[in-house]
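Working notes, beginning with the structure itself.
Every value quoted in this text rests on a predicted model; they were computed, and no experiment measured them. We count ligands from 1, going down the list as the structure has it; atoms in each ligand are counted the same way.
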Amino acid sequence: MTWKDGFFITFEGIDGSGKSTQARLLAEVLDKQGLATVLTREPGGSPGAEEIRALLVEGDPARWSPETEILLFTAARRDHLEKTILPSLAAGKTVISDRFADSTRVYQGVARADLRPMVDQLHSLMIGREPDLTFIIDMDPEHALRRGLARNSGEDRFEEFGLAFQQNLRAGFRALATEQKDRCVLIDGDRPIELVAADIAHRASRVHK
Ligand code: TMP
C-alpha cells in the first residue's frame, strides 16, 4: 500500500498524554507536504458518534458497566468507520484518528475489567480494521493526570477513576505496543512538545512511500 491509497494513522495513550496535540501537529506537517489529511477522533468523528461521546465521557464514573462501555464505544466506532474513516481512505486521504480500537482494548479490556476476549470478539464482528500505523504516547501517569484534570473540560469521567487506573492503562498500552509491534510505535511523551512532534514526524516519514 502507498499513501496514495489512503493511509490510516492513530494516536493512543493515557488521559492527558498530549496525543491530541500531537495528532494535530502531525496533520499540519502532512498537510504542508501536500497530503490530503483528515483529522478525526474517538469517541466521535461523525455526527452520530459525537452524540454517543457525550454519554461516555461525561457524568458519574459508575454510570456504565465495562460491558456496556464496550458496546457504546463499538457502536460509536462503527458509525465513525462507515461515515468518516472508510470513505476518506477510499478517496485516497490520510486519516489521523485521536484514539481508535486500541483504547477499547486497554481501557475496557485491561483497566476497567479483564475483558480483552470480549473486546476482541466484538472488534472482529463489527470493526475488522486496524490502523496502518499507531503512535502510543507513553508518559508518567501522575504528570498526565495533573494535566488532564487541570483542563477541567467536563469530559473527565475516565480521569475520575484516579491514579491507579491511569497506571494500569500505561502498563496496558506498553504491553499492546509489544504485542502489535508491526504497527505500533511507543513514543516517549515526557519531553517538550516540539521534540515529541519532531520524533513522530520523522518516524511517519520513514513509512511514507
Ligand atoms: P479523549 O479524552 O482522548 O477524547 O477520550 C475520551 C475518553 O474515553 C478517554 O478518557 C478515554 C476513553 N475511551 C475509552 O475508554 N475507550 C475507548 O474505546 C475510547 C475511544 C476512549
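In this structure, Arg183 does not pair ionically with Glu12, as no charged nitrogen and carboxylate oxygen lie closer than 4.0 Å. Ion pairing between a basic and an acidic side chain is recognised when a charged N comes within 4.0 Å of a carboxylate O; Glu179 and Arg105 show no such pairing. Ion pair Arg41/Glu50 flagged as a salt bridge, since at least one NZ, NE, NH1 or NH2 atom sits closer than 4.0 Å to an Asp/Glu carboxylate oxygen. Electrostatic pairing of Glu28 and Arg24 counts as a salt bridge here, judged by a charged N lying under 4.0 Å from a carboxylate O.
Protein heavy atom in closest approach to atom 9 (C) of ligand 1: Asp15 OD1, 3.2 Å. Among all non-hydrogen protein atoms, the one lying nearest atom 6 (C) of ligand 1 is Val57 CG1, 3.5 Å. When hydrogens are left out, the protein atom nearest atom 13 (N) of ligand 1 is Phe73 CZ, 3.3 Å; that is the closest non-hydrogen contact. Protein heavy atom in closest approach to atom 3 (O) of ligand 1: Arg99 NE, 2.7 Å. Counting only heavy atoms of the protein, atom 4 (O) of ligand 1 lies nearest to Arg53 NH2, 2.8 Å.
The contact set between ligand 1 and Thr104, taken as ligand atoms under 4.0 Å from a residue heavy atom, comprises 17 (C), 18 (O). Close contacts between ligand 1 and Lys19 involve ligand atoms 3 (O) [criterion: under 4.0 Å to a heavy atom].
Considering backbone and side-chain atoms together, Ser20 places no N or O closer than 3.5 Å to any N or O of ligand 1. Considering backbone and side-chain N/O of Arg77, one or more are found under 3.5 Å from N/O of ligand 1.
Only one option out of Ile9, Ile187, Leu195 pairs with Ile200 in a side chain to side chain contact (heavy atoms under 4.5 Å, CB included); it is Ile187. Of the listed residues (Asp102, Thr134, Thr40), just one forms a side-chain hydrogen bond (donor to acceptor under 3.5 Å, both in side chains) with Thr10, and that residue is Thr134.
Comparing Glu42, Glu69, Gln108, Glu159 against atom 15 (O) of ligand 1, the shortest heavy-atom distance belongs to Gln108.
Between Phe73 and Tyr107, the ring center distance fails the sub-6.0 Å criterion.
For Asp132 (side chain) and Phe8 (main-chain N/O), a donor-acceptor pair under 3.5 Å exists by modelled atom type.
Here Arg157 has no heavy atoms under 4.0 Å from ligand 1, in either its backbone or its side chain. Of all the heavy atoms of Arg41, none lies under 4.0 Å from any atom of ligand 1, so neither backbone nor side chain is involved.
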Intermediate values then yes/no, side chain to side chain donor-acceptor pair (under 3.5 Å), Thr37 and Thr94: CA-CA 5 Å; Thr37 306; Thr94 298; 4.9 Å; no

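Heavy-atom separations between Arg112 and ligand 1 are all 4.0 Å or longer.
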